[in-house]
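So the structure is just underneath, and the comments pick up after that.
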Amino acid sequence: MELVEATADDLDALVSRWYSLAKSMEAYDEVNELAGPSVDDVAEDGFRSHLDDETVTDYLVVHEGETIGFVTLREGHHPSRKHSHDLRIVNLAIDDGHRNRGHGTDVVERVRELARDRDCDHLTVSCEWDNEDARRFYRDTDFRPKQVEYVQPL
């Protein structure tokens, strides 16, 4: 498994995979509802802006020459903290036909290596509170709960 940094040529692959991930998140909370009913309603602008943002990188997850998922990483700094340099997993999705084969775990391990190469102190990730599969996955890959995020619809 390898992570291949995405380019403008990969926008369709990123958008379609992100849409699938985002669509599955709708079931967890009303604030996750997507603005449009299909992937065609999703603008590429979000991923296009990642290409110009030095703190954000999208990678395609490639296994045996085939793209099987994607991961979005954001580098952050908190200068007031002793452990001030983090790498956040913003999105992580493995295509349906390739799940439960260890690819997600391999991605997390590769992200750890990237974080160490960037002299980061720690990795962060968040997931939906009621998404027990994601919570179990992150616990199994040595993440621990640290903070709870709350939302208040207006």
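For the atom pair CZ (Arg101) and CG (Asp106), the distance works out to 12.5 Å, reported to the nearest 0.5 Å. In this structure, SG on Cys127 lies 8.5 Å from CE on Met25, to the nearest 0.5 angstrom. Leu73 CG to Asn91 CG: the interatomic distance, rounded to the nearest 0.5 Å, is 9.5 Å. A distance of 11.0 Å separates CG of Asn32 from NZ of Lys23, quoted to the nearest 0.5 Å. To the nearest 0.5 Å, atoms CG (Asp86) and CG (Leu123) are separated by 8.5 Å.
Transitive grouping of hydrophobic side chains (ILVMFWY, heavy atoms separated by less than 4.5 Å) keeps Val90 and Val61 in distinct clusters. Grouping the Ile, Leu, Val, Met, Phe, Trp and Tyr side chains by contacts below 4.5 angstrom, directly or via other members, places Leu21 apart from Ile94. Residues Phe47 and Ile89 do not share a hydrophobic cluster, clusters being chains of Ile/Leu/Val/Met/Phe/Trp/Tyr side chains in contact below 4.5 Å. Transitive grouping of hydrophobic side chains (ILVMFWY, heavy atoms separated by less than 4.5 Å) brings Tyr28 and Tyr19 into a common cluster.
Here the side chain of Ser20 pairs no donor or acceptor atom with the backbone of Arg17 at under 3.5 angstrom. A donor-acceptor distance shorter than 3.5 angstrom exists from the side chain of Glu26 to the backbone of Leu34, with no hydrogens or angles considered. A donor-acceptor distance shorter than 3.5 angstrom exists from the side chain of Asp121 to the backbone of Ser84, with no hydrogens or angles considered.
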Q: Would you sort out whether Asp12 and Glu44 count as a side chain to side chain contact (heavy atoms under 4.5 Å, CB included), showing the intermediate values?
A: CA-CA 8 Å; Asp12 287 342; Glu44 295 176 351; 3.0 Å; yes
Q.
Would Asp58 and Trp18 count as a side chain to side chain contact (heavy atoms under 4.5 Å, CB included) here? Give the steps.
A. CA-CA 11 Å; Asp58 293 296; Trp18 176 86; over 6 Å; no
Q: Evaluate side chain to side chain contact (heavy atoms under 4.5 Å, CB included) for Asp10 paired with Phe70, printing each intermediate quantity in order.
A: CA-CA 11 Å; Asp10 300 313; Phe70 84 105; over 6 Å; no
Q: Check the pair His63, His98 against ring-ring contact (aromatic ring centres under 6.0 Å, His included), reporting the backbone distance first and the verdict last.
A: CA-CA 10 Å; His63 177 69; His98 297 276; 7.3 Å; no
Q) Under the side chain to side chain contact (heavy atoms under 4.5 Å, CB included) criterion, do His103 and Asp95 qualify, and how do the steps go? A) CA-CA 10 Å; His103 299 300; Asp95 297 347; over 6 Å; no
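When all heavy atoms of Ala6 and Leu51 are compared, the pair lying nearest together is O-CD2, 3.8 Å.
Applying the side-chain hydrogen bond (donor to acceptor under 3.5 Å, both in side chains) criterion to Glu132, with sequence neighbours excluded, gives Arg139. Remark: Asp53 engages Thr55, Val56 in a side-chain contact (heavy atoms from CB on, under 4.5 Å) (not counting sequence neighbours). Partners of Asp133 according to the salt bridge (charged side-chain N to carboxylate O under 4.0 Å, His left out) rule, which considers only residues two or more places apart in sequence or in another chain, are Arg136. Applying the side-chain hydrogen bond (donor to acceptor under 3.5 Å, both in side chains) test to Tyr59 and every residue at least two apart in sequence or in another chain returns Arg118. Glu113 is linked by a side-chain hydrogen bond (donor to acceptor under 3.5 Å, both in side chains) to Arg110, counting only residues two or more places apart in sequence or in another chain.
With a 4.5 Å cut-off on side-chain heavy atoms, Leu60 and Leu14 count as touching. Side-chain atoms of Val125 and Leu92, non-hydrogen and from C-beta on, never get closer than 4.5 Å to each other. Side-chain contact check for Phe137 versus Thr105: some heavy-atom pair is nearer than 4.5 Å. In this structure, Asp29 and Trp129 have side chains that are not in contact, with every pair of non-hydrogen atoms separated by 4.5 Å or more. Side chains of Arg112 and Thr141 form a contact here, defined as non-hydrogen atoms less than 4.5 Å apart.
Tested against Val62, the residues Leu3, Ile68, Val4 include a single side chain to side chain contact (heavy atoms under 4.5 Å, CB included) partner, Val4.
For residues 78-97, the ring-ring contact (aromatic ring centres under 6.0 Å, His included) pairs, not counting sequence neighbours, are His77-His85.
Around atom CG of Asn100, no more than 12 heavy atoms belonging to other residues, nucleotides or ligands sit under 6.0 Å away. Summarising the local packing, CZ of Arg74 is surrounded by 12 or fewer heavy atoms from other residues, nucleotides or ligands at distances under 6.0 Å.
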